[in-house]
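These numbers were taken from a predicted model, which means no experiment stands behind them.
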2 protein chains.
Amino acid sequence: MSLSTPDLTLTLRDESLRWFGRLHSMPETGFEETRTAAFVAEELRGLGLEVIAGIGGTGVVGLLRGRRAPAGARFIGMRAELDALPMQGPVDGTVQTADGPRYHGCGHDGHMATLLTAAAALSRRGDLGCNVAFIFQPAEELLGGAAAMLADGLLERVPMSAIYALHNIPGLPAGSVGVVEGAALASSDEIRVTVRAQGTHGAAPQTGQDAILAAAHFLGLCQQLLTRRTDGRDSAVLSFGQIAGGQAANVLPDRVGIAGSLRCHSEAARAAVHALLADAARSTTAAFGTPVDLAIDPKVPVLVNDPA
Amino acid sequence: MSLSTPDLTLTLRDESLRWFGRLHSMPETGFEETRTAAFVAEELRGLGLEVIAGIGGTGVVGLLRGRRAPAGARFIGMRAELDALPMQGPVDGTVQTADGPRYHGCGHDGHMATLLTAAAALSRRGDLGCNVAFIFQPAEELLGGAAAMLADGLLERVPMSAIYALHNIPGLPAGSVGVVEGAALASSDEIRVTVRAQGTHGAAPQTGQDAILAAAHFLGLCQQLLTRRTDGRDSAVLSFGQIAGGQAANVLPDRVGIAGSLRCHSEAARAAVHALLADAARSTTAAFGTPVDLAIDPKVPVLVNDPA
C-alpha cells in the first residue's frame with residue numbers, strides 16, 4: 001500500500017514536532033545560523049538527500065531526485081528561512097547571548113519544521129515524478145539572505161522551474177492555507193532623512209533656520225502627499241520610527257535625523273511615493289531654507305504571486 | 001577741586017581694565033563663582049566698603065554710605081552678575097575645567113568691572129548724598145541667582161528704594177547707552193512635552209499610535225496658533241530645540257520627547273501662549289489618540305523698566 005503525501009505527513013507528526021522543538025530552542029540571527037544550518041543539513045542527510053551547505057553564507061539546500069522524474073528535469077524549489085530575531089520572547093525558546101536575546105519570533109522554526117516534514121514525506125514516496133530542492137535560506141529578517149544565495153550561484157547549481165514559499169499566519173484557523181493572486185507581500189524601503197540648518201539661539205530663530213520645525217513640516221507633508229498623490233486603490237504605508245535632533249531646549253540645532261520605512265503593494269505606487277518624498281524634501285527646503293538630504297535604500301521589491 | 005563722577009570714572013580707566021582682565025580670566029558658572037566672589041569682595045573692601053558675602057550662595061554686596069546721606073536713608077542698588085557660561089570662547093579667556101570649558105560669553109566680566117568702577121568712583125566722592133549698594137548676583141544664566149539672594153533676605157538686610165541694572169550690547173556704538181521704557185527683556189519659560197503612544201510595527205500604524213507624526217503635528221500647530229491667537233503687536237517667540245524618539249526606522253516608538261523655550265514681552269502674551277500650548281496638546285491627542293504631557297516651567301517674568 002502506498003500512502004498519499006498528506007497521509008504520509010500525518011505519520012510524521014511526532015518527528016515534525018521534534019524538529020520544531022529542536023529548532024525553536026536554537027534561535028540564531030541572520031548569517032549566524034551555524035548550529036541551525038548544521039542541524040538542518042544533518043537531518044536532510046538522514047533522509048537520504050544530497051545536501052549543499054554553506055551557500056550564500058549559511059544557506060543549506062537538500063536535493064531530492066524523484067525516481068520517476070524525466071531525465072534532466074529541473075527542480076521544484078521549496079523554501080524556508082533559518083534565522084531568528086534579536087528579541088526577547090516568552091521565556092520558552094528565548095536564548096540569551098552576549099549580543100542580547102534571540103527568539104524565533106517570526107516563526108521560521110515552524111517553517112523549517114514544515115519543510116523538513118515535506119522533505120521526509122516526499123522522500124518516502126517511491127513514485128515521485130519530479131525533482132525537489134528544499135531550500136533553507138539565511139538572513140530573511142535582514143532582507144539579504146535570498147540575494148546572497150542567488151549571488152552564490154543557487155540558480156546555476158540547482159536549476160529550478162519554480163520556487164514555492166509560505167509564511168505562517170497565526171490568525172488563520174488551524175489547517176487553513178491562504179493564497180493570494182498577484183501582490184502578496186509589500187516592498188520594503190528604508191528612508192533616511194537629514195534636515196540641515198544653521199543652528200541659532202532659540203530666542204532669535206530668524207538668525208538661522210529651524211531644523212526641528214522643518215522636519216515636523218516634512219513629516220506632515222509626506223502623509224498629506226501620500227493621500228493626495230498616490231492612487232487611493234493602491235496600498236502604500238510610510239512610517240517614520242525615529243527622530244532626533246538638538247541638545248538644549250533653547251538652542252535650535254544644526255541637524256535633525258529621521259528614519260522611516262515604506263511598504264507598497266505595487267511598483268507603481270512605490271515609484272510615486274519615492275517621487276513625492278523628493279518633492280516633500282524640496283518643498284521643505286524652499287519653505288524653511290533647510291537643506292533636506294533624502295536617502296532611499298530599496299530593500300526588497302513587491303512579492304507578486306504568479307496567477308497561474 | 002572735586003571731580004564729577006564721570007570725570008572720576010575716566011581717572012579709573014587703568015584700574016577698570018585691570019578688573020576686567022582679572023575677571024575675564026577666572027570664568028565660573030552659576031553658584032560656583034567662589035574665586036570671582038572672593039576677588040570682588042576683596043576689591044570692594046579695598047575701596048573701604050562694608051561687604052556682605054555669601055548671600056544667596058555666592059552673592060556679594062558692597063555697601064557705600066554717603067557722607068551727606070540723610071539719616072536712615074535707604075540704599076540705591078546697582079547690580080551686576082558673577083557667573084560665566086559653560087562654553088568655549090576664543091582661546092583668550094576660556095578656562096578648561098573637568099566639566100568642560102568656561103567663558104564669560106555673556107559679558108558679565110564687563111558688568112562686574114563696570115560696577116567696581118562705579119563703586120570706586122562714588123567712594124571717592126566726599127559729597128555723596130545717598131547710600132549705594134553694589135550687588136554682585138550669582139547664577140544669572142541659571143535664572144535662579146536673583147531669587148536666591150531675595151530668599152536669603154537681601155531686601156531685609158539692605159533696604160533699597162530702587163535697583164538699577166544694565167547689560168552690555170556690543171551692537172551699540174561705544175559710549176552709547178540705550179534705555180527702553182516698559183518691557184525691556186522677555187520672560188523665559190522652559191517647555192517640556194512628551195507625546196505618548198502605543199508603539200507598533202511601522203507596517204501597521206493603525207494598530208497603535210504614531211507619536212512622531214503627532215509630535216510633528218503639535219510643533220506645526222503651535223506656530224500656527226502663535227500667529228493666530230496672540231495679538232500681532234505682542235512679541236512671543238516659541239522655539240523647540242530638542243526632539244527625540246524611536247530606535248528603529250520601521251517601529252513606531254511609544255514616546256517622543258520635545259523641549260523648547262518661550263519668550264514674551266508681556267505677561268498677557270505669555271498667558272495666551274500657555275493657553276494655546278495646552279490647546280495644541282489637547283488637539284493633538286484628539287487627532288492622533290496620543291496623550292501629550294505638557295510641562296511649562298516659568299523661569300523669569302518679563303522685565304519691565306519703570307517709566308519714571
- Do you know which of A:G245, A:G220, A:G257 has the most heavy-atom pairs under 4.5 Å to chain B?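 Ranked by contacts with chain B, first place is A:G245.
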- Among A:V237, A:V256, A:I212, A:V251, single out the residue with the greatest number of heavy-atom pairs under 4.5 Å to chain B.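 When all of A:V237, A:V256, A:I212, A:V251 are compared, A:I212 has the most.
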Which heavy atom of [X] sits nearest a heavy atom of [Y], and at what distance?
X: A:R263; Y: B:N250; value: NH2-ND2, 3.8 Å
X: A:G241; Y: B:P253; value: O-CD, 3.6 Å
X: B:S239; Y: A:L252; value: CB-CD2, 4.0 Å
X: A:A249; Y: B:Q242; value: N-OE1, 4.1 Å

- Query: When only pairs under 4.5 Å are counted, which of B:A203, B:G199, B:S188 shares the most heavy-atom pairs with chain A?
  - Reply: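 The candidate making the most pairs under 4.5 Å is B:A203.
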- Message: Out of B:I243, B:L238, B:I191, return the one with the most heavy atom pairs under 4.5 angstrom to chain A.
- Response: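 Between B:I243, B:L238, B:I191, the count favours B:I243.
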- Checking B:L213 against chain A: side chain, backbone, both or neither under 4.5 Å from a heavy atom?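 For B:L213, the contact with chain A is made by the side chain alone.
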- So what's closer than 4.5 Å to chain A heavy atoms on B:E190: side chain, backbone, both or neither?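 The answer is the side chain of B:E190.
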- Query: Should we count CD of A:Q206 as having more than 12 external heavy atoms under 6.0 Å?
  - Reply: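 Enclosed.
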- Message: Check this for me: B:L172, atom CG, are more than 12 non-hydrogen atoms of other residues, nucleotides or ligands nearer than 6.0 Å?
- Response: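 Atom CG in B:L172 is crowded, with more than 12 foreign heavy atoms closer than 6.0 Å.
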